[in-house]
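Notes for the one structure printed next.
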Amino acid sequence: MDKKPNNKSSDEFNTSSKIYIDFKKKLQKYLNPYQIKKIEKAFNTARIAHKGQLRKSGEEYIHHPLSAASILADFHLDHESIMAAILHDVIEDTEIEKDNLKNTFGVKVAELVDGVSKLDKLSFSTKEEADAANLRKMIMAMSQDIRVILIKLADRRHNLETISSLNFKQRKKIGRETLEIFAPIALRLGIHSLNKELEDLAFETVYPLRFKTLQNEIKKSRGNRHELMGKIRKVIEVKLKNEGLDIEVIAREKHVYGLYKKMKLKEVNFSHINDVFGVRIIVTSTDDCYRSLGIIHNLYTPVPGRFKDYIAIPKSNGYQSLHTSIVGPHGLPIEMQIRTKDMNILAESGIASHWFYKSKGTPSLENYTKEQQWITNLLSIQRDSGNPKEYLESIKADLHPGKVYVFTPKGNILELPKRSTIIDYAYAVHTDVGNNYAFAEVDGLPVSANTILKNGQRVEINTKKNLRPDPGWLSFVVTEKARHSIRASLKLIKRNDAIELGKKLLESSFNDFGIKLSEIPEKTLKIVLEEYSCHIIEDLYAEIGLGNRIAKLVAMRISPADMVSKNIGPSSGVQIRGTEGLVISYAKCCFPIPGDSIIGYISQEKGIVVHRQVCRSIKRTKKTQETTLDLLWDENIDDSFNACIKVEVENVRGVLALISSQIAQNDCNIESVTYDDTKETGHNIMVFIVSVMDIKILTKLVNKLKKNEHVLNVERKKS
Ligand code: MN
């Protein structure tokens, strides 16, 4: 919280102040002298670091971290957490850095403090409940160690206690945040005592009037019921003790915010809430829980439908207890909770009870009937592995299986499946953002499209008009939306490419007959389209472009016979640019590149496959007009193509490196190389796939290689 430098040199805080003495007493109950010494050292470091800083309330700053640590000492948290709580603001607010902490107090304390500082940097501008829910999950996901969250909760708890010194706006913000984010986290972790305290303090902060009114109502009601409740307690106590049960009966009262929530939920006023007051019975064993229940149901009439067995079926946060309501004197229903001591500790402290048990040296949780329940599992994982990371991973997995939370540039939170990439994010923002993706930045630094997102990152996508999705993205995206959108977009692009190419092919075929496509009568065209079951001419172009129909045959079918025979012109060939990637492919036998004489082979599955005219395999396939077509390279091609060359060399050391560098020096990229020992000759044959712009560059390279003294032969692969 805010602090201002103090001009007066003051060192008023000393270790004889009450808060410090209380704190030490708490520590002595469960920590050894060595651990307490370490905590004292941390305290001195924090005190000196914060020296001169005052809280808005006028107190020395050190009061705040000390109070937070004291709250955690109530839960018997380990000495590292207590040290980190005392030091929790030093990285943010003083000269001390993480490395200093690491050297002085060890890596664990340093990481805890660092973790708390990172949480403080999150911006909590929640607008909707959905945002708050995601933010809660993100806080959980960002914390490497559950203790970071416990420290944060204690920090918040003390800040609320001293909130009156802040202005109205600040108070409201902190109060809301607590109700929406921190109190629910405490509840999810099963720390009911902290949850109730946070809720009441925050409720009072945000709605001071409502809080006061309700508090007064409870007070009044308490007075009225005092005698009645006392009587019931007495009766139950005597009866159970007479049955030989070792029990403790506690009168309980609902916390103010709990009542408020209930009134809001049920849309009733205070007088209609019956369970403001209740009775809790603490027994020694699970058996005694059920025995006590039987005795009480014998004593008073139970309210039908109100019995709940959370012992047999614990709540998801591990809570165990029997709940029932009985009809008391004057027909008033009274709520009863029956549970063991262990269950009570767990109900109050949740996850934090783990440290409580540990400090008592009694890790036994034998009263748990449902060991599979997650909290029990977690406790045992923690006990067995002693690894807080693993511990938290399990909680995370339970809270939000397989999710990652990242910020948009505007600070909104996006939830994505785990292992989501930049491209998944882009499509999650908008289909157009994905389709027009140009480049991305994460936390201000450029990253590649397949980068996997991590919790808490800020992701920005930059788009450019007329860009196309890369089919390669399909190999790494994980979201259905991205996959679907990429496929849909590629399909559309493929169709557009196919239409363009099909039109060219058909025009070229008509050209061979000396006819122009525009000269064909509409009527003729319509009949033919129907015959091919195409709706519009574009459908027919696409069919041709995709290789499903042969342009020449279609042209022959469409052309009126009298027009054909008259003027047959020279065959000109169809121009290709190399960018029709989705409808045209390049043969892997002969590797055609611009400058080569080429020929197209029409395949039903692959569309048009481009071969070199010298290719042996295309020569072997029957050369008919139906399956092949003449192709030409466009004059302006700005792209690279793969070519294959065989280089026969002497078997000398380092020859591969030598050839490789020579290839690179000649504006060619090596895509792959295979290496062959030919034992008979003692020569080696290396087969390179190189990417080149055109035949000129390749020829230059081949000539250069031939001049190399170790090279015996260079040959371009023909098939
Ligand atoms: Mn703080």
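Whatever order the structure lists ligands and atoms in, that order sets their numbers, starting from 1.
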Could you tell me whether the side chain of E80 reaches within less than 4.5 Å of the side chain of R147, counting heavy atoms only? yes
Within 45° of the six-membered ring axis of F105 and under 6.0 Å from that ring's centre, is NZ or CZ of K41 located there? yes
Would you mind telling me which of R171, K152, R156, K172 makes a salt bridge (charged side-chain N to carboxylate O under 4.0 Å, His left out) with E177? R156
Only N/O/S atoms count here: what is the atom of D89 closest to the Mn ion (ligand 1) called? OD2
Check whether R280 reaches the backbone of I250 with its side chain - one donor and one acceptor, N or O, closer than 3.5 Å. no
Per residue D155, nearest N, O or S atom to the Mn ion (ligand 1) is named OD1
Do any of the N/O/S atoms of H158, backbone or side chain, fall under 2.8 Å from the Mn ion (ligand 1)? no
